[in-house]
Amino acid sequence: MREIGHFIGGKHVAGKSGRSSNVFNPATGEVQATLALAGVEEIRAAVANAREVQPKWAATNPQRRARVFFRFVELLNKHMDELATLLSSEHGKTVEDSKGDLVRGLEVCEFVCGIPHLQKGEFTEGAGPAIDMYSMRQPVGIGAGITPFNFPAMIPMWMFAPAIACGNAFILKPSERDPSVPLRLAELMIEAGLPAGILNVVNGDKAAVDAILTDPDIGAVTFVGSTPIARYVYGTAAMNGKRAQCFGGAKNHMIIMPDADMDQAVNALMGAGYGSAGERCMAISVAVPVGEETANRLVDALTPKIESLRIGPYTDEKADMGPLVTKEAYARVNGLIDRGVEQGAKLVVDGRGFKLQGYEDGYFVGGSLFDHVTPDMDIYKTEIFGPVLSVVRAHNYEEALSLPMKHEYGNGVAIYTRDGDAARDFAARINIGMVGINVPIPVPLAYHSFGGWKASSFGDLNQHGMDSIKFWTRTKTVTARWPSGIKDGAEFVMPTMK
Ligand code: NAD
């Protein structure tokens, strides 16, 4: 059995805590590796090592730091097929979808190739009598990132690329479900020229996370995962004096106005609802058609498409979607479908009991569709994180708008319409962080920032874009006057520019 350990100080190291968990192949249910789970000692060792090497990295000219990322991007492209296949083998999503996961991370690495410009400070000549003032963006020191299973390449790169480009050292604690790609990324960063100890991957569970949150030498923590853990990590990190940004779960709605192009809306819902088996924080899980006629047309058009989804293991190149990530996820999603039926929603397409010949022990759930869902039902309130779409019928635009507005989560939302007035009003009034107008998954590109509102995000700076440069640096402002500009005598009054 393959044993997966950690990557500390530029080397693979075996676990020392004696604790481990299993890494499964979600298509077959087989255990394919065991994963070492770090304890406090291993986190402390990684941090101690990072502390030694970080000052030299921070003092490295920003062009030289950027060049590591130029080379890393080349290596990612060169190893794309190998990385995508490895990712799919642990996550279960299709290989093409894994390439999307990698490329979205790669784009953040491309963005930070501009670090000499992005990290530049500000300067004011003559801010006072013979006084110049300048501010610098200095690295926080040591940062840590805790990532979810669903994007094991993109989300680690969202985090470590800006952190490292800004001159920090980084401790990455990936998901226990699919740890192999994060370890490969760390190896490739060394091959790209990153000094050993600047990027460390320490595998583990709550014990490792708690060691990170209480470590006195870690200055900033970034987290992506479910809302209860995001809330916990944010509170604990803040209580321990750390800067934190924590991103949580979602329930993304798509509003379909009566004037929308129905073919476009249906295709968008298929990709955004069922791609990656619905295991995306930006997946659309609620469709809100406006008016009975729109709703009937939508459900009639979706039904045959959902019934004919091609579901398969990652080795099936033609598959639209793969299995769920774990047995627990499989049981949870099936349980929520049962609950939707019990609470009176109409199950139009039932994905329970889906079995794939030769893969009977895989965690496959068929595409499912509920109609006549109401806001009081558990399937509406809960993030299902599976291939289940709920249709909530709205009588008019205001009622449709009020649904995502009142929902606990505020990650993404979309509207399909040809009416510019409706689209503009929607974008202005909605209380959600990422909005799509005829775009179902409005994930911002690397040079804009990614983040939700409400229970989808804790903290005030987003992932990537300029927010990430702010998160990974501290501003220091210097006020300078040379002796020739200093007047004689002591000044006791608060200096002003009066
Ligand atoms: P998760 O919350 O179970 O795990 C995320 C990380 O937290 C993992 O590294 C895990 O080891 C750690 N963790 C788990 N339990 C912990 C505990 N009790 N204490 C401390 N750490 C703990 O999430 P997941 O199932 O891996 O990922 C799916 C979730 O992530 C979904 O809710 C999804 O919406 C969310 N997500 C959000 C975004 C976003 O940007 N908002 C992006 C991707 C995924």
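Counting begins at 1 with the first residue of the sequence. Start at 1 and go down the list; that is how both ligands and their atoms are numbered.
Residue E176 places at least one N or O, backbone or side chain, under 3.5 Å from an N or O of ligand 1. For ligand 1, the polar-atom distance check against S226 finds a nitrogen or oxygen pair separated by under 3.5 Å. At least one N or O atom of K173 sits closer than 3.5 Å to an N or O atom of ligand 1. Between D210 and ligand 1, no N or O atom pair is found at a separation short of 3.5 Å. For the pair F149 and ligand 1, the shortest N or O to N or O distance falls below 3.5 Å.
Nearest non-hydrogen protein atom to atom 13 (N) of ligand 1 is I229 CG2, 3.9 Å. Looking from atom 21 (N) of ligand 1 to the surrounding protein, the closest heavy atom is V209 CG2, 3.4 Å. Looking only at heavy atoms of the protein, atom 32 (O) of ligand 1 is closest to E383 OE1, 2.6 Å.
Side-chain contact, Q119 with T473: no donor N or O sits under 3.5 Å from an acceptor N or O.
Counting only heavy atoms, the protein gets under 4.0 Å from atom 9 (O) of ligand 1.
Among G225, P148, G249, the residue whose heavy atom lies closest to atom 35 (C) of ligand 1 is G225.
The aromatic ring centroids of F24 and H91 lie 6.0 Å or more from each other.
Ring-plane geometry between W158 and F450 is classed as tilted, the angle between the planes lying from 30 to 60 degrees on a 0 to 90 degree scale.
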